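One structure below.
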Amino acid sequence: MAHSGRFNSMATSCKEYDFNQIEPHWQQAWEQSHAFKAANLADRPKYYLLDMFPYPSGAGLHLGHCENYAITDIMARYKRARGFNVLFPIGWDAFGLPTENYAVKTGRHPADVTRENIDTFRRQLKSIGVSYDFSREVNTTDPAYFRWTQWIWLQLFQRGLAYVEEKPVWWCPALGTVLANEEVIDGLSEVGKHPVERRPMRQWVLRITAYADRLLADLEKLDWPDSTKRMQAAWIGRSEGSEVEFDIVGLPGERLKIFTTRVDTIYGATYMVVAPEHRLVSALTTPAQRAAVEAYVKAAASKSDLERTELAKDKSGVFTGTHAINPATGAQIPIWIADYVLASYGTGAIMAVPAHDERDFEFAGKFQLPIPQVIAPADGTPVTLPFCDKGGDVRLIASGDCTGLTPIQAKERLDARFAAENRGRATIQFKLRDWLFSRQRYWGEPFPIVWISESDYRAVAAAQAGSLVLPATPVTCLIDGEIRCALPLPNSALPLQLPEVKSYQPTGTGESPLAAITEWLEIWYQPATGACVPVSQECPGAGWIRGRRETNTMPQWAGSCWYYLRYLDPQNADALASPEALKYWGMPDLYVGGAEHAVLHLLYARFWHKVLFDLGVVPTDEPFTKLFHQGIILGEDGEKMSKSRGNVANPDEVIRAYGADTLRLYLMFLGPLEAMKPWNPKGIEGVHRFLQKVWRECIGEDGSPHPKISGKVTDAPEVDRLLHETIKKVGEDIETLHYNTSISQMMIFVNAVQKAPAVSRQTMLAFLQVLAPFAPHIANELWSRLGGQPDLNTATWPVFDPAKLVSTEIKLVFQVNGKHRGDQLVPVDITQDAALKLAGAHERVAPHLQGKAIKRIIFVPRKILNIVVE
RNA sequence: GCCCGGGUGGCGGAAUUGGUAUACGCAUCGGACUUAAAAUCCGUGACCUGCAAAGGUGUGUGGGUUCGAGUCCCACCCCGGGCACCA
C-alpha cells in the first residue's frame with residue numbers, strides 16, 4: 001500500500017446509512033489512493049490470491065461472479081490487515097466464440113466488442129467494491145499478452161509436444177462452419193438446431209499424454225477438494241495391464257496386439273474384437289465377409305459418438321472370416337469387428353473373455369460364441385456367469401498349467417512367458433487422450449507457424465542450425481496434395497497478429513476466416529527474421545521462401561493456461577515474467593473458482609506449467625497448490641439460474657436497492673461457501689438490517705458519532721468478552737473459509753452492543769476492522785467518522801486476548817441416564833463430588849434420583865455430569 | 001451401472017475429539033412506541049399429552065455400538081454432481 005499515505009480519507013456527511021452515496025465515495029477514494037496496489041518484491045511476506053479467469057461476456061456480471069469475487073476480496077482485505085503483501089489481480093480471458101459469433105452477427109470487429117464488454121465488466125466489478133490491483137490487468141487478446149502465449153506454444157512445438165493430425169470435428173453444413181463440442185447438443189447445432197456431422201480436418205494436437213503419469217502422481221501434492229482430484233485421476237485413467245500379440249491364421253507377417261488388465265483370464269478368451277477403425281480390418285477380412293464388413297465399418301463411421309455410446313446399448317458386430325491363435329491354449333478363435341471396442345483406447349483390439357466380462361458376455365450370447373469359465377471362488381462356491389471378480393479370493397480353473405493360481409500369480413507367470421516369447425509385456429494404459437488444440441476460427445491466437453516445402457525446410461534447418469530450434473521430427477501435413485513442413489517463427493517475430501478482415505463470416509469450407517485472407521496467408525518469408533511480404537508482390541530476393549501461414553487459431557484454453565504467471569510481472573517485454581518476480585510471488589496461495597473447471601482448465605494449466613518447469617521457466621512443478629470451489633447460487637426456485645426459467649437475480653438491481661456491502665454480506669451469509677444455495681430475496685433484508693443497526697450504533701441522528709460511544713467508557717464484561725470472541729472467530733473463520741458463521745458472530749456482537757448503554761470507541765473501532773473485509777464501504781465510513789487511525793486499509797488486524805475468553809464459571813449439564821434434566825453455573829474447576837452434590841440438590845434433577853441406586857457416574861469436566869441409576 | 005457429496009423447524013442454515021439439537025437470519029404470531037402506518041424495540045417460535053408444573057417423542061428410514069449418537073458402524077430410501085462399452 002505504498003501509495004495510500006497521501007489520500008485524505010474523509011467520510012461523507014450523510015446522516016442516514018446512505019449506501020448510494022457512501023459506496024461510490026469510497027470506491028473512488030481507494031482508486032485515487034492506489035490503496036490495493038501490490039508492491040513488487042517487498043520485505044513483507046507475500047500472499048497471492050487468484051480468481052479463475054473471467055470471460056467478459058456481453059451479459060455482464062452475474063451473482064455467481066459476485067460470490068466468487070466476494071470470497072477472494074474478503075480474504076485479500078483480511079490478509080492485508082494481517083500484514084501480507086497481497087497480490088490480488090484480475091484480467092480478461094477475452095478470445096472466444098460468443099464474442100466472435102456476436103461480431104459475425106452484427107458486423108462489428110470482435111476487438112471492439114471485447115473492449116466494450118471488458119469496460120462493462122470492470123465497472124460492475126468496481127461497483128461491488130473489490131480490492132483488485134487493476135494496474136496489473138491482463139487481457140488475452142492484447143498482442144503484448146498473446147506474444148507470450150505464442151512463445152509458450154513454440155516451446156511445446158520445439159520439444160515435440162505439438163503435432164498435426166487429421167481429426168474429426170463437428171461440421172454443420174447449414175451454418176457452413178465448424179462447431180465446438182459445447183455448441184453441439186444432441187446432434188444438433190446449439191444455434192439454429194441444424195444437424196451436424198463428423199468431418200476430418202487438419203488439427204493441431206498437444207501431446208498431454210506424455211505427461212499423464214506426472215499429472216496423476218502429482219495430484220497427491222495438491223491441497224484441492226478430494227472430489228476434484230478424484231475427477232482428474234479418473235479422467236487420466238491409469239490402468240495397469242498387459243499387451244499380448246496374437247498370431248493370425250493366414251497372415252504370417254502380422255500379429256494382432258491387444259491390451260488387457262486381466263491377462264490371467266486368457267485361457268477363457270474365445271474370440272477377439274477389433275474396432276471398426278483398426279488398421280488391420282481390411283487385411284483380416286476374407287472375400288466372403290468383405291461386403292458385410294465394409295457395410296458395418298461404413299455404418300460405424302457415420303455414427304456420432306452419442307449413437308455409438310449412449311444410445312447403443314445393444315451389441316453389434318460382424319465376423320471378419322479370419323481366426324487368431326490364442327497363445328495360451330493354442331486354439332483358433334474368430335476375429336470379429338464391433339464398435340464396442342474403441343479405436344482410441346489401448347491398441348483398438350481386445351481378447352474377449354465372455355465368462356468374466358459383462359460386455360463380452362453380452363456379445364457372445366448374441367452371436368453364440370463359447371463362454372468357458374476360467375475363474376472361480378477359492379472356496380468352490382458356484383457362481384453365475386458373467387463372473388467379474390473384483391479382487392476377491394479366487395483361483396484359475398481350466399487354465400492349463402496356471403490352474404489353481406491366483407490372478408496375480410497367473411499374471412506374473414504369463415507376462416514373463418509372453419515376454420520370453422517376444423509377444424507381450426506388462427504395460428500401462430491411460431484414458432487421457434492428446435489434446436485437440438486448434439479451432440477453425442478468427443478470434444483466437446494465430447499459430448506462429450509457416451508451412452513451407454520439404455526442400456525449403458531442409459535448407460532452413462541446415463542454415464539456421466542453432467539459432468532456430470526445430471522439433472526432433474519435422475511436423476508435416478498435406479496441403480493441396482503436397483507435403484509441407486511446419487516452420488516456427490523466430491521469437492523476434494512474435495507476436496504474430498491477426499490480420500484485419502472485413503468479414504468474419506465463415507468461409508463455408510470449414511476453414512478459419514483467415515484462410516480467405518490471401519494477402520496474409522500466402523507469403524514470401526525470410527526464416528531468419530520472420531519477415532514477410534504478400535506473395536502477390538515480387539519475391540524480395542535470396543533467402544526468401546514461399547510460405548503459407550497456419551489458418552487455425554488456438555482455443556480459448558491457451559490464454560488461460562498461464563495467465564497466473566503474467567500477473568507477477570504484467571508489463572515485462574523480455575520474458576513472460578522476470579525470474580525475480582517468479583521467485584518472490586511464486587504460485588497462488590489460494591485459487592478460487594467453480595468446480596465446472598475441475599478437469600479441463602485445471603488439467604491443461606497443470607500440463608503447460610509442468611512443461612515450463614521442465615524448461616526452467618517456472619520454479620515449481622505445480623501451478624495451483626491450494627484450490628477452493630465456491631458453490632453455485634441457484635434461483636429462488638432452487639433451480640439453476642437461467643434466462644429461460646426467468647429466475648435470474650440481477651446484481652445491479654440488488655446493489656441499487658441495498659448496496660454492495662449488503663450484497664456481499666448476504667452472499668456470504670447464505671450458507672457454506674462450497675454449497676449450492678438458493679437465492680432468497682427476502683433473506684437479504686436481514687443482513688441489510690444488520691448493517692443499518694451497525695450504523696445506528698455508531699452514528700447519532702445528527703450524523704455525528706453516537707453519544708453512547710466514548711473513549712472513557714469501560715465496556716460491560718459481556719461486550720468485552722464478545723468482542724474478543726468475535727475477533728477470534730472471524731479470524732479463524734476467514735482462514736478456513738467459513739464466512740457464514742463469522743457473520744453470525746458479528747450479529748451476536750452487535751446485538752450485545754445494542755443492549756449496552758455505552759460502549760468504548762476502541763471496542764467499536766476493533767469491531768469495524770473485523771467487519772471491514774466483508775462490508776468495506778460502511779466499515780471505512782464509520783471508521784473514519786469515529787476517528788479511527790490510521791487509514792482502515794492500513795490498520796493491522798485487532799488482536800484478541802485469550803485471557804478474556806476464559807470464564808471462571810461454566811454451565812454444567814446434569815443428566816440422568818443420559819437425559820438432560822437440568823444445568824447450573826458452576827466454577828470451571830468443580831470436582832465430581834461437588835458437582836454430584838449440586839445435582840442431588842437440584843430441584844429438577846433430584847426427583848429423577850429419588851429412591852434409586854446410583855450405578856455409575858460419568859463426569860466430563862466443563863461439560864456434563866451423567867448419573868446412571870438402577 | 002460405477003465414483004463422490006448431501007438429507008437437521010415453515011425456509012436458509014448452526015452444532016471442537018460423540019457431551020444442552022435447532023446458534024444467527026428469514027417468515028409467522030403477540031406486545032410496546034405511533035392518530036395511523038413504516039421503521040425500531042421486546043417477546044413467541046419442532047411435535048404429542050397437560051390448565052400448569054412437567055413428561056414423552058424428535059436431525060431421511062430401519063437396526064447396532066455407547067452412560068450418552070445429528071456426529072461412529074451396518075443395511076436401505078431420496079436428492080445433487082461427475083463418469084459411463086476405457087477391455
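The shown structure was predicted, so the numbers you read here are calculated from the model rather than taken from an experiment. Values below: all heavy atoms of this structure, side chains included; hydrogens, waters and symmetry mates excluded. Numbers restart at 1 for each chain; the letters A, B, ... are given by sequence-line order, proteins then strands.
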Inset, instruction - Quickly, which of A/His688, A/Met747, A/Gln754 forms a side chain to side chain contact (heavy atoms under 4.5 Å, CB included) with A/Lys693? Name it, please. - result: A/Gln754
Inset, instruction - Kindly say whether, by distance alone, the side chain of A/Lys315 makes a donor-acceptor pair under 3.5 Å with the base of B/rC85? - result: yes
Legend entry - Quiz item: A/Gln815 side-chain donor-acceptor pair to B/rG19 base, under 3.5 Å: yes
Inset, instruction - Pick base, sugar-phosphate or nothing for A/Asn740, based on heavy-atom distances below 4.0 Å to the nucleic acid. - result: sugar-phosphate
Legend entry - Salt bridge flag under 4.0 Å for residues A/Lys366 and A/Glu362: no
Legend entry - Check ion pair A/Glu245-A/Arg423 (N to O, under 4.0 angstrom): no
Legend entry - is_close_aromatic(A/Tyr271, A/Phe363), centroid dist under 6.0 Å: yes
Inset, instruction - Report which part of the nucleic acid A/Arg821 touches: base, sugar-phosphate, or nothing (heavy-atom distance under 4.0 Å, all strands). - result: sugar-phosphate
Interface polar pairs with nucleotides 78-81 of chain B, N/O, under 3.5 angstrom:
none

Inset, instruction - Determine the contact category for A/Val860: base if any of its heavy atoms lies under 4.0 Å from a base atom, sugar-phosphate if only primed atoms, P, OP1 or OP2 are that close, otherwise nothing. - result: base
Inset, instruction - Tell me what A/Lys811 touches on the nucleic acid: a base, only sugar-phosphate, or nothing, going by heavy atoms under 4.0 Å. - result: base
Legend entry - Phosphate OP1/OP2 of B/rA87 contacted by A/Tyr345 side-chain N/O (<4.0 Å): yes
Inset, instruction - Assign the ring pair A/Tyr604 / A/Trp435 to parallel, tilted or perpendicular, where the plane angle (0 to 90°) is split at 30° and 60°. - result: parallel
Inset, instruction - Verify the neighbour count for atom NZ of A/Lys640: are there more than 12 heavy atoms of other residues, nucleotides or ligands below 6.0 Å? - result: no
Legend entry - Ranges pairing with ranges for RNA chain B, where each run has three or more Watson-Crick or G-U pairs under 3.5 Å: B:1-7 with B:77-83, B:10-12 with B:24-26, B:29-32 with B:40-43, B:46-49 with B:54-57, B:60-64 with B:72-76
Inset, instruction - Decide ring pair (Phe, Tyr, Trp, His ring centres under 6.0 Å) for A/Trp679 and A/Tyr666; before the verdict, give the C-alpha distance in whole Å, the side-chain angles of both, and the deciding distance to 0.1 Å. - result: CA-CA 10 Å; A/Trp679 174 258; A/Tyr666 184 51; 5.2 Å; yes
Inset, instruction - Just label B/rG9 as syn or anti from its O4'-C1'-N9-C4 or O4'-C1'-N1-C2 angle, using within 90° of 0 for syn. - result: syn
Inset, instruction - Using a 4.0 Å heavy-atom cut-off across all strands, classify A/Gln429 as base, sugar-phosphate, or nothing. - result: nothing
Legend entry - Between B/rC26 and B/rG9 - C1' atom distance, rounded Å: 13 Å
Inset, instruction - State whether the distance check finds a donor on one side and an acceptor on the other, under 3.5 Å, for side chain A/Lys863 versus base B/rU17. - result: yes
